[in-house]
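All values reported here derive from a predicted model rather than from experimental measurement. The sequence lines fix the lettering, A, B, ..., with proteins before strands; numbering per chain opens at 1.
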Protein chains: 2
Amino acid sequence: MESVFEIIAEPNRRAILSLLVLSQQSVGEIERQLRLPQPTVSKHLRVLREAGFVESTVDAQRRLYRLKPEPLREVAAWLAPFRRFWSAHVDALERHLDRMDQSTPTKKKTRRR
Amino acid sequence: MESVFEIIAEPNRRAILSLLVLSQQSVGEIERQLRLPQPTVSKHLRVLREAGFVESTVDAQRRLYRLKPEPLREVAAWLAPFRRFWSAHVDALERHLDRMDQSTPTKKKTRRR
DNA sequence: CCTGTATATACCTTGACGCGTATATGCTCT
DNA sequence: AGAGCATATACGCGTCAAGGTATATACAGG
């Protein structure tokens with residue numbers, strides 16, 4: 001389990017991360033919200049913790065898990081070079097649609113929902 | 001192979017995508033730049049094509065592959081909610097460093113590369 | 001202390017994915 | 001038409017990760 005991309009390839013792990021973006025959660029809370037068996041949650045949390053996506057603090061018997069930013073930032077960093085590319089595509093699409101607007105002005109109302 | 005995240009979990013596929021962000025490439029060119037056996041490249045390209053990451057046009061015997069924006073945009077969309085979170089963390093880090101600057105003003109030159 | 005609750009870990013099985021090798025398809029040029 | 005190049009596909013294999021079930025650890029409260 002090397003790269004951050006393999007970590008977030010797992011749907012349940014992404015779900016856990018999305019839960020934690022709201023606030024920190026205990027294992028039991030995650031378990032109930034995602035309707036997953038407890039060992040499954042614990043195992044995914046272990047993977048996430050060892051990869052640096054989350055950290056935990058102890059609260060009596062509970063463990064509270066919260067997000068750590070670095071690994072997701074790594075994903076964003078890899079993604080960054082593509083942003084230029086696809087924003088260019090948006091522009092091209094918009095120009096195309098604008099040209100369509102000019103040639104078929106009757107359909108204008110359907111644009112810009 | 002359902003989600004876009006599983007697609008980009010594979011290192012060679014990420015490498016191919018990163019190559020294609022520069023310009024469109026033929027299979028052979030990808031093969032040589034990444035030093036991968038040809039069937040490997042073709043198979044990864046198939047996966048990428050079926051997932052909508054790339055498209056190809058025919059140029060005699062060659063096929064030229066180029067990026068398509070949508071799937072990577074999907075990744076960015078999933079990532080977006082976390083941006084708020086980690087930028088808050090950056091701010092905290094910056095405030096911390098600023099405080100360090102004040103206490104040790106001699107090292108100021110090393111910040112703000 | 002003992003019971004109940006919360007979380008972690010161990011073991012096993014299964015399925016999927018990536019790779020290598022071999023072969024097929026298709027195009028070009030002479 | 002035939003040779004050579006470019007790309008795609010088929011098949012068998014090894015590996016690894018996810019899930020399920022069972023069990024271990026640890027804390028709390030009567």
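In this structure, the side chains of B:T40 and B:H44 come closer than 4.5 Å at one or more pairs of heavy atoms. Counting heavy atoms from C-beta on, the side chains of A:V27 and A:R62 never come closer than 4.5 Å. Counting heavy atoms from C-beta on, the side chains of B:L45 and B:I30 come closer than 4.5 Å.
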Practice item. Begin with the C-alpha distance, continue with both residues' side-chain angles, and end with the deciding distance and a verdict on side chain to side chain contact (heavy atoms under 4.5 Å, CB included) for B:L17 and B:V21. Key: CA-CA 6 Å; B:L17 292 175; B:V21 80; over 6 Å; no
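Between the axis at the start and the axis at the end of the helix from C:dC1-D:dG30 to C:dT30-D:dA1 there is an angle of 20°, using five pairs per end and rounding to 10 degrees.
DNA chain C is contacted by A:Q61, A:R62, A:R63, A:Y65 of residues 50-65 of chain A, taking any non-hydrogen atom closer than 4.0 Å. Residues from residues 24-35 of chain B with heavy atoms under 4.0 angstrom of DNA chain C: there are none.
Within the 3.5 Å criterion, the main-chain N or O of B:R14 finds a donor-acceptor partner in the side chain of B:S18.
Counting 5' to 3', DNA chain D first comes under 4.0 angstrom of a heavy atom of chain A and last does so at the ends given by D:dA17 to D:dA28.
For the side chain to side chain donor-acceptor pair (under 3.5 Å) test, no residue two or more places apart in sequence or in another chain qualifies with B:S3. Partners of B:Q61 under the side chain to side chain donor-acceptor pair (under 3.5 Å) rule, at least two apart in sequence or in another chain, do not exist in this structure. For B:E29, the side chain to side chain contact (heavy atoms under 4.5 Å, CB included) partners are B:Q25, B:S26, B:R32, B:Q33, not counting sequence neighbours. A:R73 is linked by a side chain to side chain donor-acceptor pair (under 3.5 Å) to nothing, counting only residues two or more places apart in sequence or in another chain. Among residues two or more places apart in sequence or in another chain, the side chain to side chain contact (heavy atoms under 4.5 Å, CB included) test is passed with B:V75 by A:L79, B:V4, B:F5, B:I8. Every residue two or more places apart in sequence or in another chain that forms a side chain to side chain donor-acceptor pair (under 3.5 Å) with A:Q38 is listed here: A:S42.
The same ILVMFWY cluster, assembled from side-chain heavy atoms under 4.5 Å apart, contains both B:V47 and B:L20.
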Just list the side-chain donor-acceptor pairs under 3.5 Å for residues 49-59 of chain B, sequence neighbours left out, or say none.
from, atom 1, to, atom 2, distance (Å)
B:R49, NH2, B:Y65, OH, 3.3
B:E50, OE2, B:R46, NH1, 2.9
B:T57, OG1, B:R66, NH2, 2.8

Any N/O pairs under 3.5 Å between the protein and nucleotides 9-17 of chain C? List them or say none.
from, atom 1, to, atom 2, distance (Å)
C:dC17, OP1, B:M1, N, 3.3

